[in-house]
Each structure stands twice: as C-alpha cells, then as structure tokens.
**Q** 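Sharing a structure below in structure tokens format, with a few things to ask.
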Amino acid sequence: MKKDGSKTDINKDKKDQRVVRTRKQVDAAFVDLLHRRAYGNIRVSDITKKAGVGRATFYAHYSSKDDLLRSQFNRIVVPMLVPRRDQPCPLDATALFAHLQSAPRIYKALIAGPEAGNSPRIMRQCFEACLQRAIEMQEGHRLPRSAESSIEQAIITRFLASVLLAVVECGVEAAAQQSPQECQAIFARLAGGALAAARIPASETS
C-alpha cells in the first residue's frame, strides 16, 4: 500500500508539473501575440502554434480564448486592485496604472478600437467583481435597498467599473502623460463621488 501510494503521488506530481508547464507555454504565447496584434485578431490556432501545443491540449485547460483572457486577468490584474476600507473610493488601482505604463502595447491590443473584440467587456466584468467585493468590505457601507436594489446596485458597480475602464483607456491613448498616482486620483475622485451620492444618508439608516 505504501509503495502504491508513493507511486500515485509521484504520478500526480508529474501530471501537475505538466499542467503548470503547459499553462506557462500557453500564457507566454498569448502575451507574445498581444505584443504583435489586437486581441480580436488572435485565434486559438495562433496561440497553440506559438505555444507548440495541440488544440486538444489548449481546450483541456481553457474553454475558449476569452476564458484564457479571464484567467490572465484573475492571475495578473486582480492582485493589482487593492480594496480600501477607509477611503471614499473602494479600490486602489495605482499598481494597475503602473503596469499599464510598463506594458502599453498589451493594453492597447486589449482595448483599442473595434479589433479589441470581447476584451473590453471581459475587463469590465473583472473590474465589476473586484469593485463589488471592495464595496462590501468597506466600513459602514450602505447602498440602496429598495425593491429594485439588486438592479440599482448592479448599475452602480457597472458604472464604477466603466469609470475605471475609461481611465485605463485614456491612459493608453495619452501614452503615459500622467503618473499612476495621478490616474488613481482621477479614478478616486470620480468613483468616490459617485459612490457617496448613491449611498443612503446616515439619518435614513437609523
């Protein structure tokens, strides 16, 4: 039993290593292609050819090119969005704005023009999820709880995500004319003001 168990563990380790190696190959190929062309112009076949893997292998890890992009956002972008409990703006995106300036070609491929494909929508959805969690973490947060609260809260979150996406888009277009801190200040002013206006006054919560 002990030998079988050890063999099973070894086989599992080898499989895990293959999974990690394959994902790294696919991720690296995807990023390299984003340096060369817009997201909407990249096909799964381009990624597999660049990565040196088969289509079946790709689909064993990702359901689609969009799924790969979501995975990249969750792995790379989400950690750059830091919740702030004690600030009017619930999210600090300074690290994201700094990353934008260090990799402008990638962000241009993801959001610039109609050739960006589904990327702006996927990015906005990523921002929405981060903002929703950050808002819920804030001290004493109260958003409208009317009969239409779920719709209203979704609108508020989507609006804030759209503001963040707009700052990113303008950052790409402006070619790093503003620092990451200045971009964060713009986002914080717009998002913080909008969120404050949407919240229930303290006198109405008692």
Side-chain angles (χ1 to χ4, degrees), residues 39 66-67 69-114 116-206:
Y39 176 77
D66 288 352
D67 185 37
L69 181 59
R70 289 190 187 92
S71 174
Q72 291 277 44
F73 279 162
N74 288 328
R75 183 172 64 87
I76 298 172
V77 175
V78 169
M80 298 179 188
L81 304 174
V82 183
R84 288 290 183 242
R85 292 174 178 267
D86 57 348
Q87 299 292 327
C89 178
L91 213 58
D92 185 344
T94 305
L96 171 62
F97 298 130
H99 189 251
L100 185 156
Q101 293 186 0
S102 69
R105 288 187 179 181
I106 291 180
Y107 285 93
K108 186 174 182 180
L110 293 174
I111 61 179
N118 291 332
S119 178
R121 174 177 58 81
I122 294 171
M123 185 178 287
R124 194 199 69 224
Q125 289 172 344
C126 171
F127 291 163
E128 284 180 31
C130 291
L131 281 158
Q132 183 62 45
R133 290 192 295 268
I135 291 170
E136 291 171 355
M137 289 173 60
Q138 280 196 315
E139 296 292 338
H141 88 281
R142 284 295 302 275
L143 290 178
R145 300 187 183 278
S146 63
E148 299 178 347
S149 63
S150 60
I151 296 176
E152 190 168 355
Q153 290 184 38
I155 292 172
I156 292 167
T157 305
R158 181 166 296 186
F159 174 78
L160 296 178
S162 297
V163 170
L164 179 53
L165 183 59
V167 178
V168 171
E169 289 175 338
C170 289
V172 171
E173 293 170 3
Q177 291 180 13
Q178 292 179 305
S179 70
Q181 291 74 22
E182 289 171 328
C183 290
Q184 172 61 24
I186 294 170
F187 170 60
R189 185 168 64 251
L190 295 173
L195 193 55
R199 284 180 168 146
I200 301 173
S203 60
E204 296 180 20
T205 63
S206 56

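The chain is numbered in sequence order, starting from 1.
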**Q** Is L164 close to F97 at the side-chain level, that is, under 4.5 Å between some pair of heavy atoms?
**A** yes
**Q** Could you tell me the separation between the OG atom of S119 and the OH atom of Y107, rounded to the nearest 0.5 Å?
**A** 10.0 Å
**Q** Dump the intermediate steps for side-chain contact (heavy atoms from CB on, under 4.5 Å) on C126 and R70, then the final yes or no.
**A** CA-CA 8 Å; C126 171; R70 289 190 187 92; over 6 Å; no
**Q** Closest heavy-atom contact between R85 and M137?
**A** NH1-O, 3.1 Å
**Q** Can you tell me if S71 uses its side chain to pair, donor with acceptor, with the backbone of D67 under 3.5 Å?
**A** no
**Q** For Y39 and P120, indicate whether the former's side chain and the latter's backbone hold a donor-acceptor pair under 3.5 Å.
**A** no
**Q** Is the shortest side-chain heavy-atom distance between C89 and R84 below 4.5 Å?
**A**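 With C-beta onward as the side chain, the pair stays apart.
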**Q** Any side-chain heavy-atom pair from L131 and P90 closer than 4.5 angstrom?
**A** yes
**Q** Answer yes or no: are there more than 12 heavy-atom neighbours, outside R121 itself, under 6.0 Å from its atom CZ?
**A**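 Check passes, neighbour count above 12.
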**Q** Any chance you could measure I135, atom CD1, to Q153, atom CD, to the nearest 0.5 Å?
**A** 8.5 Å
**Q** Using the rule side chain to side chain contact (heavy atoms under 4.5 Å, CB included), only one of L91, I122, V77, L160 pairs with F127; which is it?
**A**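 Exactly one option meets the side chain to side chain contact (heavy atoms under 4.5 Å, CB included) with F127, and it is V77.
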**Q** If we only count heavy atoms from C-beta on, is the N118 to Q125 side-chain gap below 4.5 Å?
**A**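 They are not in contact (no side-chain heavy atoms under 4.5 Å apart), so the answer is no.
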**Q** Determine the minimum heavy-atom distance between A93 and Q184, stating which atoms define it.
**A**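 Where A93 meets Q184 most closely, the heavy atoms are N-OE1, 2.8 Å.
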**Q** Are Q178 and I186 close enough that some pair of their side-chain heavy atoms sits under 4.5 Å apart?
**A** yes
**Q** Is there side-chain contact between V78 and C130, with heavy atoms separated by less than 4.5 Å?
**A** yes
**Q** From Q101 CD over to L96 CG, what is the distance, rounded to the nearest 0.5 angstrom?
**A** 10.5 Å
**Q** For a 4.5 angstrom cut-off between non-hydrogen side-chain atoms, does R133 reach P83?
**A**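 When only atoms from C-beta onward are counted, P83 and R133 do not touch, as no gap falls below 4.5 Å.
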**Q** Scan side-chain atoms only and decide if E128 and Q132 contain a donor-acceptor pair under the 3.5 Å cut-off.
**A**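 The answer is no; no qualifying pair exists.
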**Q** Quick one: does L69's side chain get under 4.5 Å of L110's, heavy atoms only?
**A** yes
